[in-house]
Amino acid sequence: MKTYLTRCTPLFVVLAIFLLSGCASIVSKSIYPISISSTPSGADISVLNSKGAEVYSGKTPSIFKLKAGEGFFKKASYTATFTMDGYDKKTVPIEFKMDGWYVGNLLFGGLIGMLIVDPATGAMWKLDTEFLNETLSPGIVNLSEPSLRMYSIHEIPSHWRDNLVKLPNR
C-alpha cells in the first residue's frame, strides 16, 4: 500500500497543478513592466487607468509596472499624457490584448484555469507593447510677444517646414 501511494503522489501533484491552475497563470504574468520615453526627454508623464485614477507620475525616460487585468474577464487600459513647457500636450493609449497562453487552457489548464484562475489574476491579458516612445511637437508660438527660440529641424512641424527660407552661406 505504501509503495502504491509513493508512486502515485507525484502523479497527483502534477494532475492537481494542471487542473487547479491556469495555463497563462503558469507561463505568463499579470503585471508587466513598460518603458516610456519621449523626444525631447525630461517630459512630465502621467498615467491614468480607465477610471481616471493616476497610477504613475514621473519624467521620461521611465520604467514602471502596470496590472494587466482590471477585473474578472476585464483587461486593463491606460492613458499616458506627456507634458513639457514649449510643447503640445500628447495623450496616447496603453492597451492590453489577449495572451496566447490563455488558449493553452484548452490543452493544459482545463475549465478551472480558463474560467476562474486566468480571468481572476489578469494573466489572460498581456501588454500590447513594452516600449512607448513619443515625439512631442513644439507648441504654437505666441507672436504677440517677441521671443527667440531655437528648434532642431526635426522638432519643427511639417506644415511649418514649407515656409522656411534657406539663408545664403557667407
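Numbers here simply count residues along the sequence, with the first being 1. All heavy atoms count here, side chains included; hydrogens, waters and symmetry mates do not. This one's a predicted model, so the numbers in the text were calculated from it and none came from an experiment.
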Can you name the closest pair of heavy atoms from [X] and [Y] and give their distance?
| X | Y | result |
| --- | --- | --- |
| A80 | I45 | CB-CD1, 4.2 Å |
| M84 | S41 | CE-O, 3.4 Å |
| F82 | S37 | CE2-O, 3.9 Å |
| T129 | I34 | O-CD1, 4.0 Å |
| P138 | D88 | O-OD2, 3.6 Å |

Strictly distance-based, threshold 3.5 Å: is any side-chain N or O of [X] a donor or acceptor partner for the main-chain N or O of [Y]?
| X | Y | result |
| --- | --- | --- |
| Y87 | T135 | no |
| S38 | P40 | yes |
| S77 | S50 | no |
| T79 | V92 | no |

Next on the checklist: Please determine whether the number of non-hydrogen atoms from other residues, nucleotides or ligands lying under 6.0 Å from atom NZ of K67 exceeds 12.
Outcome noted: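 Atom NZ in K67 is not packed in, count stays at 12 or less.
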
Next on the checklist: Within a 6.0 Å radius of atom CD on E95, are there more than 12 heavy atoms belonging to other residues, nucleotides or ligands?
Outcome noted: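 Yes, because the 6.0 Å sphere around CD of E95 holds more than 12 heavy atoms from other groups.
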
Next on the checklist: Run Y56 and I36 through side chain to side chain contact (heavy atoms under 4.5 Å, CB included) and show every step you take.
Outcome noted: CA-CA 11 Å; Y56 180 79; I36 296 185; over 6 Å; no

Checklist entry - For the hydrophobic clusters of this structure (ILVMFWY residues joined by side-chain heavy atoms under 4.5 Å, transitively), does one cluster hold both I63 and L132? => result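 I63 and L132: separate clusters.
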
Next on the checklist: Using side chain to side chain contact (heavy atoms under 4.5 Å, CB included), reason through T81 and L48 one step at a time and then give a plain yes or no.
Outcome noted: CA-CA 8 Å; T81 302; L48 304 178; 5.6 Å; no

Checklist entry - Which value, rounded to the nearest 0.5 Å, describes the distance between N49 atom CG and E54 atom CD? => result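 Taking CG in N49 and CD in E54, the distance rounds to 10.0 Å.
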
